[in-house]
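The structure appears right after this line, and notes come after that.
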2 protein chains.
Amino acid sequence: MRINIKFSVALHCLVFIAEKQEHIKITSAILAESAGCNPAVIRRILNTLQSAGIITTLRGVGGNYLAKEPNAISLYDVYAAVEPENLPHFIGIHANPSEHCPVGANIENVLLSAYDEIEKAAFDKMKSISLQQIIEKHCATIEK
Amino acid sequence: MRINIKFSVALHCLVFIAEKQEHIKITSAILAESAGCNPAVIRRILNTLQSAGIITTLRGVGGNYLAKEPNAISLYDVYAAVEPENLPHFIGIHANPSEHCPVGANIENVLLSAYDEIEKAAFDKMKSISLQQIIEKHCATIEK
DNA sequence: AATAGTTGTAACAATAAAAGTAACAACTAT
DNA sequence: ATAGTTGTTACTTTTATTGTTACAACTATT
């Protein structure tokens, strides 16, 4: 029922990395502390962000860096990186409808066409929001 | 991570009920057979649809009937009925960010404001699609 | 009033998915 | 070589969802 917290953890890490102080190396241990979860979990998520070309991780020496400008990273890019298995569908459909029933035999296709529209609306909105906007919102929140 | 199949099962039942033949009483057992799940599960879902004023169930004698015209029932109405706990938020946020970190202390509010927009886009689209449209799509699919 | 069929609902079990954990090999600057 | 870090695997724990069973409550019919 819900989109996993991986998406939120990934955004947390990206904000942290984007706002990093000079000369500070951001390791998975630091991010794990900030996000309140395990370093291995963080590394798994960072791996997917790396594969998607969103960040660069220095192996061996350690440290994570944005691979693009924050305004070139959309929330959809992040979602697609961390939830490839729920792309394009995040609304579940029951698995075993009866094939011997007019409704059961066709419901999946009918629902998929409606869900496509709903999911597209969500994804389009995700595409319209950049990491830059998240960072700006974060700065505004801190100042208050 | 995903919206539960309750939403899909509910729509399945509603299509079945809306297209019912005359003189056929639609029980939870029939719907369970069609949807491929347990009658008690069906009854739980139908209960929520009843509470939301979407269907009428005849207790004792049995049978389920639409309480409104199909064009007066939107997908959002159905979603809100079966997933009240994921209303308004279906995107998860990690629970234990560090309070001692500028990012951890503020990330929830920042993410919520972005998620509000994304979720609103999905909900608006759900509001724009009626059960009537699902039924029409279903009929078109069957004819093919 | 008894019956048959159905729904409402509670308690519990099973399943699946997500997240946490631990361990260690691989890598790199020093 | 060493120290610190990431990559990755295997496993465990936790949580949420779904399935299952059972039975009380309800209603039309006889």
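Every chain is numbered from 1 and lettered A, B, ... according to where its sequence line falls, protein lines coming before strand lines. Scope of the values below: all heavy atoms of this structure, side chains included, with no hydrogens, waters or symmetry mates.
- Taking the centre of each ring, F90(B) and F7(B) stay at or above the 6.0 Å mark.
- Rounded to an integer number of Å, the gap from N47(A) CG to dT9(D) C1' is 13 Å.
- Summary of the strand contacts: R43(A) and G36(A) both lie near DNA chain C, and taking for each the nucleotide with the nearest heavy atom, the more 5' one is attributed to G36(A).
- Checking side-chain atoms of E119(B) against main-chain N and O of I91(B) turns up a donor-acceptor pair under 3.5 Å.
- Direction of the helix axis in the helix from dA1(C)-dT30(D) to dT30(C)-dA1(D) shifts by 20° between the two five-pair termini, rounded to 10°.
- Linking ILVMFWY side-chain heavy atoms closer than 4.5 Å, directly or via other members, places L75(A) and L87(A) in a single hydrophobic cluster.
- The CG-P distance, from N38(A) to dC11(D), rounds to 18 Å in whole Å.
- If you measure from atom CG of N64(A) to atom P of dT6(D), you get 6 Å, rounded to the nearest angstrom.
- Regarding I26(B), its CD1 atom lies at a distance of 13 Å from the P atom of dT6(C), rounded to whole Å.
- Per the geometry, CD belonging to E83(A) stands 7 Å off P belonging to dA18(C), to the nearest Å.
- Atom CD in E85(A) sits about 10 Å away from atom C1' in dA17(C), given to the nearest Å.
- Contacts of N96(A) with the nucleic acid, taken as non-hydrogen atoms under 4.0 Å apart, are absent.
- Remark: Q50(B) is not in phosphate contact with dT7(C), judged by side-chain N or O atoms under 4.0 Å from OP1 or OP2.
- Per the geometry, CZ belonging to R44(B) stands 13 Å off C1' belonging to dA22(D), to the nearest Å.
- Residue L58(B) is in sugar-phosphate contact alone, with no base atom involved, counting any heavy-atom pair closer than 4.0 Å across all strands shown.
- Evaluation of atom-type donor-acceptor distances gives no pair under 3.5 Å for the side chain of R59(A) against the base of dG4(D).
- Nucleotides of DNA chain C nearest to V41(A) and T27(B) differ in position, and the one nearer the 5' end is that of T27(B).
- Closest heavy-atom contact between A122(A) and I118(B): O-CG2, 3.9 Å.
- The CD1 atom of I5(A) sits 16 Å away from the P atom of dT14(D) (whole-angstrom rounding).
- In terms of heavy-atom proximity, Q133(B) sits nearest to S128(B) at OE1-O, 3.3 Å.
- The only member of I129(A), I73(A), L131(A), T48(A) that meets side chain to side chain contact (heavy atoms under 4.5 Å, CB included) when paired with V78(A) is I73(A).
- Residues C37(A) and H94(B) have side chains not in contact (no heavy-atom distance under 4.5 Å, counting atoms from C-beta outward).
- At a threshold of 4.0 angstrom between heavy atoms, the contacts of G60(A) include nucleobase atoms, whether or not backbone atoms are also involved.
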